[in-house]
Number of protein chains: 2
Amino acid sequence: MKLKEFAHQLGLSPTTVSRALSGYPEVSEKTRQRVAEEAVRLGYRPNINAVRLVTGRAGAIGAVMGRKGEFQFSEFMIGMAERLDGEDIDILVSPMAEQETRDEIQIYSRLVTSGRVDALIVHSPRPEDERIRLLHKLGVPFLVHGRSETEVPHAWLDIDNEGAIRRATSHLLDLGHRRIAMINGGAGYTFSIHRDKGYRDALEERGIAFDPRLVVHGHFTDELGFRFARSLLEQSPRPTAFVAGSMMTALGVYRAVRSRGLVVGRDISVIAHDDVFPYLTAENMVPSLSATRSSMRAAGARAADLVLQLLGGRPADEIHELWPVELILRESTGPAPAEARS
Amino acid sequence: MKLKEFAHQLGLSPTTVSRALSGYPEVSEKTRQRVAEEAVRLGYRPNINAVRLVTGRAGAIGAVMGRKGEFQFSEFMIGMAERLDGEDIDILVSPMAEQETRDEIQIYSRLVTSGRVDALIVHSPRPEDERIRLLHKLGVPFLVHGRSETEVPHAWLDIDNEGAIRRATSHLLDLGHRRIAMINGGAGYTFSIHRDKGYRDALEERGIAFDPRLVVHGHFTDELGFRFARSLLEQSPRPTAFVAGSMMTALGVYRAVRSRGLVVGRDISVIAHDDVFPYLTAENMVPSLSATRSSMRAAGARAADLVLQLLGGRPADEIHELWPVELILRESTGPAPAEARS
DNA sequence: TTGAAAGCGTTACCAC
DNA sequence: GTGGTAACGCTTTCAA
């Protein structure tokens, strides 16, 4: 059913009906009421593409999913959905296929210049990020989830990775650990750099020398967690504690520790970063996992909220939000074994 | 840049440019060539919403994400993206927020009647599924990922859950296990029902009585895997083997087994269903996990392919695809302990 | 092979 | 408070 036909059935003009449905103030309350009821009864809904054409709005926020299919992504999206529910704004997901023909920049460029999205969310930025530069140039509103040093003004939302890892590392140092390994995220991402910094600063505060052999970078998978941890545990003297970049990494670390006949929480302490997943919880691991925690879902909800503000005209360089991260101590952390103390 | 302006710069009419870009046969090869080059050079891209309005196509496939944010969902989406890459079709994700105001049916209804999507994918169907009935009634193409007995004709793609679990259970029976517990998915979903059937059939083949206390249903989380397994292990005689519905469930089961001082693969055998995740692999678990395996990503790619066929006019009731499932034996399965054999 | 013009279904600007 | 009407940017007959 089209507007014209629907309006005709009501004995009103398309104009009035359109206004009634869009909640314009000038239409009388009784008319609005009637139009709303009849729309439901007759099943009329505006054609979204006509609306988009005439208003110039795409009615969608774009999110480009990483090539690796990060498991955090869906949590973030659910968060966005919670906030977007009832806003009549869709989430357009452009996952980059693993063997993509187009490169990342092209995907962003196409999304924007063809008018598919009103705004974009940029994940896992780097200090110098071409995507940010591009989106700024294109003049489309966007929010960076994470931080970047790219010189153009941009809105961002990030968690305090540096502070989180600093505290985690400090805590391990408090417990007497001196050789603390860190399995960080992929090299080059700002969040990895921040975590590296948090780690090094904690060491420095105690005057402990930084040993580059103790820090490794890679994707957040159980496989890498396992392999890195195995190999780190072969060092002599071996590390007595691990800082793991993700829950999946922690799973791998737990396995590696066990496979060496060691016990997590006694021989080896572990702290991981937990994005809070409904299907995998730090609390339930055995032993329960000490973690720096920040809800990815909450970040998604807030990100959607901030994008809405951006769309509402709030200046991008006014939106800079840094979230503190909780440190939750559980059973996986304990005093360093006496023989390892310095 | 708009078509009119772009065409003007080329000294051509909008008509010709449009045809050249859309690959119509009547335009001369040299003109097409030139238009294509200039489009890239000047950065012209058709406004997608105008195209959509005039063609009546939405240029998007909808996928409604489950309320729980299932971790399988992103893998499926990446698969879709792989197939859709270069097709100029977007994936529109409507995650249902946890405390949703609208119900599921309304989400589907809105997606379709407002013209946001050309086709939809329905996940986790039930034998009687109102969504399927609705989409059929609305006349929109859709593909069911999973199976349903809903009487309207519909395209579907599913894996052989029943056969997979039958084989898994049979294998455990071959190993001498007699008390085999199954931690299945949520009750009511067709895939859970099929898995239940595969399990019961395997028992029946050997003339072993079905004990309802050994089968439980719930979401695929490590927490439920752990809690169910803990509680099942308290039975006397206790089960000597587990069939776990997902990798996350298996993680919980492993923990529960260990927490009882038992050893997976020796005291307790475990087989899980593995959707193949890049970040969590059955092979790397300790002990490595025997699994029924089917790639969720491949399913997503094929699903996108089938939807494209649907959009191309292939009749829905011609599209019924049932995928076999591999059974991969690793270290988590072994002979039943002698004292437990009957 | 190319071009002019009529829509596609809505919103929003002006009148009334 | 309500109703005409001109866009929105493109595709697609119909003519040339």
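Numbered from 1 within each chain, the chains take letters A, B, ... in sequence-line order.
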Presence of A:Tyr44 side-chain N/O under 4.0 Å of C:dG9 phosphate oxygens OP1/OP2: no
Protein-nucleotide distance (B:His8, atom NE2; C:dG3, atom C1'), rounded to Å: 15 Å
Salt bridge A:Asp90-A:Arg57, side-chain N to carboxylate O under 4.0 Å: no
A:Glu5 CD - C:dT10 C1' separation (whole Å): 15 Å
Atom-pair distance (CG on B:Asp88; P on D:dT11), nearest Å: 11 Å
Between D:dG3 (P) and A:Phe6 (CZ): distance, integer Å: 13 Å
From A:Leu134 atom CG to A:Ile107 atom CD1, the distance as rounded to the nearest 0.5 Å: 12.0 Å
B:Asn49 CG - C:dT10 P separation (whole Å): 14 Å
Between the first and last five pairs of the helix from C:dT1-D:dA16 to C:dC16-D:dG1, the angle of the axes, rounded to 10 degrees: 30°
B:Arg126 with B:Glu130: basic N within carboxylate O range, under 4.0 Å: no
Atom-pair distance (CZ on A:Arg57; C1' on D:dC8), nearest Å: 13 Å
CA sep, side-chain torsions, deciding dist, call: B:Tyr279, A:His219, ring-ring contact (aromatic ring centres under 6.0 Å, His included): CA-CA 8 Å; B:Tyr279 48 82; A:His219 290 296; over 10 Å; no
Student check: side-chain heavy atoms of A:Arg297 and A:Met77 closer than 4.5 Å: no
Ring center gap for A:Phe71 and A:Phe277 short of 6.0 angstrom: yes
Contact residues, residues 12-20 of chain B to DNA chain D [heavy atom, < 4.0 Å]: B:Thr15, B:Ser18, B:Arg19
Polar side-chain atom of B:Arg32 near backbone of B:Tyr24 as donor-acceptor pair, under 3.5 Å: yes
B:Thr150 to B:Asp129 - nearest heavy-atom pair and separation: OG1-N, 2.9 Å
Rounded distance (Å) that lies between atom C1' of D:dC10 and atom CG of A:Leu53: 8 Å
Length of the line joining B:Lys2:NZ and D:dT11:P, which is rounded to integer Å: 15 Å
Sugar-phosphate, base or nothing in reach of A:Arg45, heavy atoms under 4.0 Å: sugar-phosphate
Any side-chain donor near an acceptor of the partner, B:Thr15 and B:Ser18, under 3.5 Å: no
Electrostatic pair B:Glu38:B:Arg41 at N-O distance under 4.0 angstrom: yes
Within residues 21-36 of chain B, residues whose heavy atoms come under 4.0 Å of DNA chain C: B:Glu26, B:Val27, B:Ser28, B:Thr31
Ring center gap for A:His123 and A:Phe76 short of 6.0 angstrom: yes
